[in-house]
Amino acid sequence: MDIERIRGVITQMKLQDKAELTGSGTATPAVTRPKVNGVKLTDGLLPYACNEPTALALGCTFSPEIVAAVSKARSLDAARGGAAVAGTIAAGLILDPTRADACDFFSEDAHVAAQLLQSYAAAGVVGYVFTDALGQGRFANRVIDARALNELYLQPLARAGKYAAALQMDGGYLNGERIATSRAVADMYLRYIPQDAPLITQYCADGADAVAVAGNGAYRLGATAATKRAVANAVVDGELVEQRLNRSIERVLALAVNTHEFYKKPFDRSVDASLVAGLAADSAVLLKNEGALPVRGKNMTIFGDAEYFEDGERYALIPVKDAVKRYGAFNVFLLSDYETSGISAELAETVSKVAAVSSVVLVLCGGCAAPLGFADEAKAVMFCPSQTSVAAVVDLLTKTSPRGHLPFTWCRSSGAYPRNNPKYVARGDFRYESVYNGYLLFNNFKSDVAYPFGHGLDYTRYEISKYNVKADGTKIIADFVIKNVGEREGTALCQAYITLIGGAVYGQSKRLAAFKRVTLEKTENAHIVLEIDLEDFAVYDEKNTAFATVGGRYQVDLGLSSVDIRASGTVKVAAGSKTEAGLNERIAPSYYKLGSAFTPTAPEIEKLLKVPFIKKPDEYPELDPPPVAKIKKLVKKAEKTTPRHLLPAVKYKIFNTPDKNCPE
């Protein structure tokens, strides 16, 4: 792309033309001026969005290859339609996997998110818009320390952002600044995406907010004529420097030009269809199996909502409410539509009653996790995220081994996740855990975990031998042999976790550093090499505002989940530069007391966040939910236009989107 040509076009534009390109309602006709006819830029730069499969389902595969194949298929659809981008993908992290919007995210782990995000975007024919870079919970007032912000929430952008076609700025607030209009946040984001990728946002009002967005170099989704007039008037009045406006226009036009020039060239249209076709098994996670699966020579009585599944009527699914009267010798419960309101007490009681007198297999087909205390007596439990085919589930229960693993920690109750802890949320903040997000908190401190991060069973067993670790500069090389010692083919997920011995920096303990899937026939073995680059796990030095690779002695644990460790070794890595990465053990002992209850004190949290912790939560009227009448109208519309299995996530967004940003 010739950026100078675009800049030349901008210099010839009138102010009104520039203002027209600062945002859109449902179309962007002015983009035709720089000779990019033929590229569809309707609906606010996002004309193409495909929600199947969900990001969480892809996260359960732990497979960059599968994610790349799905990305390629979606991109080809976009290319055939001449769309400017291939869709949107979330770059943030799961904070609470029991919420309906968990389906939008890959993982609670920044390393997994970065690997899959990079694979998703890099393999595409046309670029993707990255969204939600600061994680689940878009509309909260987030107070966060510098280490967690940079190491967790911006790490996926830092490692994969170069593949972004654009970045959609998050809603809500970060450390008291409104993300959609903050110059500091915009400049922070721009460091991680290409120079010709635009920022876009839908989270701002007209008037002053619109001017701030344009000054940040961002493109406003849903901009009205009044919004654009406000931007033009701000330039005339000297409130907005025109050069800042030009930079915003330059990025918008660059997106259009890049796409247009791409379509003039031949490109690879091949997709590995087998990887896409096998997604049902690759994303299914077998959580528990007490010898009940695979089913052999048994007649299954299947309960579930026939309307939810595309082939529910063909399988004559029996309503769950009738299970106590109609259960058989072997019963399968397909649970769906639980994302918004959870699993009801009546349903839980029904499953428990049947499990007490007969064999029960529980299959969760929704888009998120759920507390499973009622399922203790079930013989097997499987998670098939957003699965709508009974046939696919039956195949997994009888023949094909599930190959998925949990990209998050499945706790026994939703209250176990920090963001749901009323002790801290009521005081105005839930970021007190800092870099201890997800399994880094649950596996290092006392917790209430049902199934750990990385967990996933199949229908065979594995042994690991000949384990060896060595250092090569800032890299750690782990090699080993894994063998299938069961009676069936299976797919193992080999996982390496690192711990910095000595505790020089808090949070560097039992952290996923590498993973690799391998499929083995029975009795087959394979030699695996995992490479860990410590630069990918550098800590953020607050004093020097830079990342620093930490040297020293590392323990490298190898296993099949974050707690199923099969081999361990230690290695010494050459020391890097000294770093002052936030808290130390003297001023914040709670962050170093691994193995105990995680109960940081208010003074510790204030030192971590650099703001008073005990405070009244700030009130933001613009974050108020929509009125009841508007919610009913939007839900009614969604029920007519949204696929059944995606409806819970859409409803969740309607209920949790601030009224100012909620579409009509």
Side-chain angles (χ1 to χ4, degrees), residues 60-61 274 277-304 306 309-318 320 322-324 326-336 350-365 372 374-385 387-406 451 455-463 482-493 517-525 560-561 564:
C60 290
T61 71
S274 64
L279 191 62
D282 287 311
S283 61
V285 184
L286 182 57
L287 301 173
K288 172 184 176 181
N289 187 17
E290 296 179 350
L293 302 178
V295 179
R296 297 184 181 89
K298 296 179 181 178
N299 292 323
M300 293 185 291
T301 304
I302 307 179
F303 300 94
F309 297 92
E310 58 198 39
D311 51 358
E313 291 186 4
R314 180 161 65 88
Y315 277 86
L317 295 186
I318 303 171
V320 174
D322 298 334
V324 174
R326 300 182 61 180
Y327 70 86
F330 194 89
N331 306 277
V332 177
F333 286 85
L334 305 183
L335 304 187
S336 58
T350 298
V351 173
S352 296
K353 285 182 178 179
V354 176
V357 296
S358 186
S359 295
V360 163
V361 171
L362 196 62
V363 183
L364 282 83
C365 298
L372 292 176
F374 67 94
D376 288 345
E377 294 185 25
K379 299 299 182 183
V381 180
M382 189 181 297
F383 177 47
C384 297
Q387 181 57 257
T388 60
S389 168
V390 179
V393 174
V394 170
D395 180 74
L396 288 166
L397 298 177
T398 57
K399 295 185 296 184
T400 305
S401 294
R403 299 188 285 267
H405 291 76
L406 287 180
Y451 303 107
H455 173 72
L457 307 174
D458 64 10
Y459 299 148
T460 188
R461 297 172 291 110
Y462 306 96
E463 287 182 355
I482 183 168
K483 183 177 182 179
N484 182 345
V485 295
E487 298 299 320
R488 296 171 59 101
E489 177 195 90
T491 300
L493 178 67
R517 280 171 38 121
V518 57
T519 299
L520 301 171
E521 299 287 345
K522 65 177 183 178
T523 74
E524 184 182 7
N525 60 42
L560 301 180
S561 83
D564 183 8

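For the numbers below, each heavy atom of this structure counts, side chains included, while hydrogens, waters and symmetry mates do not.
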- [ ] Specify the closest pair of heavy atoms between Phe330 and Ser358, including all atoms of both residues, with the distance to one decimal.
- [x] N-OG, 4.3 Å

Task: From Asn484 atom CG to Thr523 atom OG1, the distance as rounded to the nearest 0.5 Å - done: 7.5 Å

Open item on the list: Can you tell me how far apart CD (Glu310) and CD (Gln387) are? Round to the nearest 0.5 Å.
Closed with: 7.5 Å

Task: Atom pair CE/OG of Met300 and Ser359 - distance to nearest 0.5 Å - done: 13.0 Å

Task: Sidechain-backbone polar pair: His405 side chain, Ser561 backbone, donor-acceptor under 3.5 Å - done: no

- [ ] Please indicate whether Arg517 has more than 12 foreign heavy atoms, meaning atoms of other residues, nucleotides or ligands, lying under 6.0 Å from its CZ.
- [x] yes

Task: Leu317 to Ala306 - nearest heavy-atom pair and separation - done: CD1-CA, 4.0 Å

TODO: Measure across Asp458 and Pro402 and return the closest heavy-atom pair with its distance rounded to 0.1 Å.
DONE: CB-O, 3.4 Å

TODO: Count the heavy atoms of every other residue, nucleotide or ligand shown that sit under 6.0 Å from CD of Glu524, and state whether that count exceeds 12.
DONE: yes

Open item on the list: Show the nearest heavy-atom pair for residues His455 and Leu287, with the distance to one decimal.
Closed with: NE2-O, 2.8 Å

- [ ] Identify, with sequence neighbours excluded, every residue that meets ring pair (Phe, Tyr, Trp, His ring centres under 6.0 Å) alongside Phe303.
- [x] Phe333

Open item on the list: Let me confirm one number: the OG1-CZ distance from Thr460 to Arg488, rounded to the nearest 0.5 Å.
Closed with: 8.5 Å

Task: Residues, nucleotides or ligands: over 12 heavy atoms within 6.0 Å of Tyr462 OH - done: yes

Task: Asn289 to Leu457 - nearest heavy-atom pair and separation - done: N-CD1, 3.9 Å

Task: Distance-only side-chain donor-acceptor flag, Thr519 / Thr491, under 3.5 Å - done: yes

TODO: Any salt bridge (charged side-chain N to carboxylate O under 4.0 Å, His left out) involving residues 290-304? Give me the pairs, sequence neighbours left out, ordered by first then second residue.
DONE: Lys288-Glu290

Task: Heavy-atom closest contact (Leu396 atom, Ala284 atom, distance) - done: CD1-CB, 3.6 Å

